[in-house]
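Have a look at the structure below, then the notes.
Basis for what follows: all heavy atoms, side chains included, without hydrogens, waters or symmetry-related copies. Each residue takes its place number in the sequence, starting with 1. One-based numbering, in listed order, for ligands and for the atoms of each. Here the structure is a predicted model, which means the values were calculated and not measured.
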Amino acid sequence: MSPGRRFTGQGAAPGIAIGPAYLWPRRGQAGRAVAAAGSCRGEVERLSAAAAVAREGIREIVRRAGRTLTRAEAGIFEAQLLMLDDPNLVGRAEEAIRTGGLSAEEALERAGAECAAVLRAVPDESWRARASDVADVVGRVLDALAERPGPSLPSLDHPVLVVAEELLPSDIVALDREKVLGLVTQAGSPTSHASVLARSFGLPAVAGVPSACELIREGDVVAADGASGEVVVGPDPVEAEDWRARQASRREWREGLRSRAHLPAITTDGHRIRVAANIGTPAEAETALANGADGIGLFRTEVFFMGQTSLPGEDEQCRVYGEVIRCLAPRPVVIRTLDAGGDKALNLVASGGRAVRLAGGRSSQPASGHEDVFLAQLRAVLRAAAGVGEDGRAGVRRPGETEVRVLFPMVANLADVVAAKALLARAAAELDARGVVRGEVKVGLMIEVPSAVALIGLLLREVDFVSLGTNDLARLTPGPDEVPIPTVLRLVAAVADAARRAGKPVAVCGELAADPRAIPFLVGLGVGELSVAPPLVPEVKEVVRTVSRREAASLAKRLLTARPAEGGTGDG
Ligand code: PEP
Ligand code: MG
């Protein structure tokens with residue numbers, strides 16, 4: 001038998017997959033009928049109804065996938081929800097219907113193509129990745145206009161390796177993971193959103209394999225290595241055996257990690273580093289526990305809100321926070337107040353039909369004009385901190401039970417902290433006045449805006465702990481990275497140093513906390529807690545176990561004081 005045909009793409013999600021190919025159908029083409037004269041209003045209404053169906057479809061994805069979505073991944077769908085409100089997409093299509101007499105389908109396709117072209121022309125890769133989000137959103141609305149379901153796997157009696165021209169983020173979330181061994185796509189790259197999702201779902205994926213859909217036929221046996229990007233079609237028996245052996249040794253490595261996940265992460269010189277989990281929905285708390293998390297280091301409540309159609313009330317929030325606290329008990333739980341500004345807009349309907357839109361730079365702050373929303377959330381946290389039973393009734397917590405902490409995001413100055421603490425005190429007073437049992441909470445700040453680093457000494461006096469949001473900190477720190485270490489790490493070092501002097505705990509909850517290259521540096525700076533996506537907890541613990549904090553501290557010191565020529569490049 002001759003050896004299989006070899007192709008090389010880009011490794012997009014690590015892991016080895018081997019099995020029969022399934023060729024993913026192309027998304028259906030839109031109807032091209034031009035709206036009959038006089039039906040513009042009808043077409044605009046059809047478009048707006050279809051956009052509403054698409055919006056609900058995206059919310060459903062977040063609800064279903066909540067268990068596994070990290071903040072970054074949920075953000076992909078948040079951005080898609082935003083696109084549905086973007087005047088450049090649906091708004092532009094409506095305009096084209098009115099002025100050009102186009103059908104809803106044609107107008108939307110045209111507006112989508114224009115938006116995608118603008119995004120593809122941006123040199124920044126993360127903006128280019130959004131072009132496929134536009135295609136995803138447009139495809140959903142077109143499906144809704146045609147009243148047809150989107151592409152999906154047929155019911156198969158055996159698992160397959162999906163081969164596609166392109167897979168969109170919502171395709172990945174909808175895949176039946178019992179039936180999919182891995183993915184091979186013609187388009188895409190390791191940074192595309194579909195690849196980000198494949199990594200988090202543990203689906204091996206190779207992207208950018210030219211002409212994959214022509215070269216591979218349905219049912220062909222395909223072997224793919226999601227780390228190296230290697231793909232073999234029709235491997236001979238010896239090759240197939242070799243691929244299976246590689247697959248088995250990787251599986252063994254991962255099982256070893258899982259078996260140690262529930263043990264504490266202790267450095268080689270005896271310092272315990274807490275490895276907590278970042279979650280966005282209550283269901284993820286169980287995943288965090290199963291992966292050995294030492295607590296919840298960040299509950300992104302806006303992700304939970306985003307999956308709802310109306311604003312969750314105080315009682316419902318209390319039940320949800322109580323569920324997370326009970327699940328993790330006696331481990332600490334950090335609940336972050338709504339972080340819905342900037343690129344994360346939240347459009348929900350409050351009780352009584354009032355529309356609440358949290359968007360724009362200051363929306364994460366209690367003083368944003370939505371005090372009532374923050375007050376209800378803080379009351380719910382305080383009630384949940386008293387210990388909430390499954391029946392939703394609050395009791396008095398026993399000593400030693402879960403410590404509940406509230407975390408305020410996007411703090412930029414002292415006034416933000418003063419306003420946030422005043423609101424917390426008001427929430428407590430309101431509960432006391434109502435005679436409602438409440439607990440005590442520790443108060444912390446996200447340090448993720450550069451000005452907060454400059455004010456760190458002052459801010460630390462006001463709170464019990466700080467947590468570094470390195471995702472936003474890196475995004476908001478302008479300029480090229482310095483050598484020998486990125487500027488954002490210098491900011492982290494300044495905060496860790498100030499926290500040590502103030503005797504207050506410091507955590508890191510941005511993606512940096514899961515980067516094996518950064519972990520020794522963070523541990524060396526005295527960071528006591530790393531909070532990461534639930535599935536990454538076992539791996540992060542394992543990395544911590546290889547670090548000597550004393551040696552890491554001197555390495556960090558050396559890097560921070562080194563001159564560029566001594567320290568190497570700025571990407572380490
Ligand atoms: C961060 O900015 O690093 C962070 C953890 O917050 P989010 O990713 O939710 O903005
Ligand atoms: Mg942030």
For [X], take its heavy atoms, then give the atoms of ligand 1 lying under 4.0 Å from any of them.
{"X": "Cys509", "answer": "5 (C)"}
{"X": "Leu298", "answer": "5 (C)"}
{"X": "Met446", "answer": "4 (C), 5 (C), 6 (O)"}

Quiz item: Do any of the N/O/S atoms of Asp339, backbone or side chain, fall under 2.8 Å from the Mg ion (ligand 2)?
Solution: no

Quiz item: Which option out of Asn471, Ile447, Leu473, Val449 puts a heavy atom nearest to atom 8 (O) of ligand 1?
Solution: Asn471

Quiz prompt | Close N or O approach (Glu302, ligand 1; < 3.5 Å) | solution = no

Quiz prompt | N/O separation below 3.5 Å, Glu448 to ligand 1 | solution =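 For ligand 1, there is an N or O atom that lies under 3.5 Å from one belonging to Glu448.
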
Quiz item: Can you name the N, O or S atom of Asp472 that is closest to the Mg ion (ligand 2)?
Solution: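 Sorting the N, O and S atoms of Asp472 by distance to the Mg ion (ligand 2) puts OD2 first.
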
Self-check item: Of all N/O/S atoms in Glu448, the name of the one nearest the Mg ion (ligand 2)
Solution: OE1

Side-chain ([X]) to main-chain ([Y]) donor-acceptor, under 3.5 angstrom:
{"X": "Glu314", "Y": "Ala380", "value": "no"}
{"X": "Lys541", "Y": "Ala261", "value": "yes"}
{"X": "Gln377", "Y": "Leu338", "value": "yes"}
{"X": "Asn278", "Y": "Cys509", "value": "yes"}

Practice problem: Working to the nearest 0.5 Å, report the span between CD1 of Ile447 and CG of Leu491. | Solution: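 Rounded to the nearest 0.5 Å, the CD1-CG separation comes out at 11.0 Å.
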
Self-check item: Point-to-point distance, once rounded to the nearest 0.5 Å, from OG1 of Thr301 to CG of Leu407
Solution: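 Reported value, rounded in 0.5 Å steps: 9.5 Å.
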
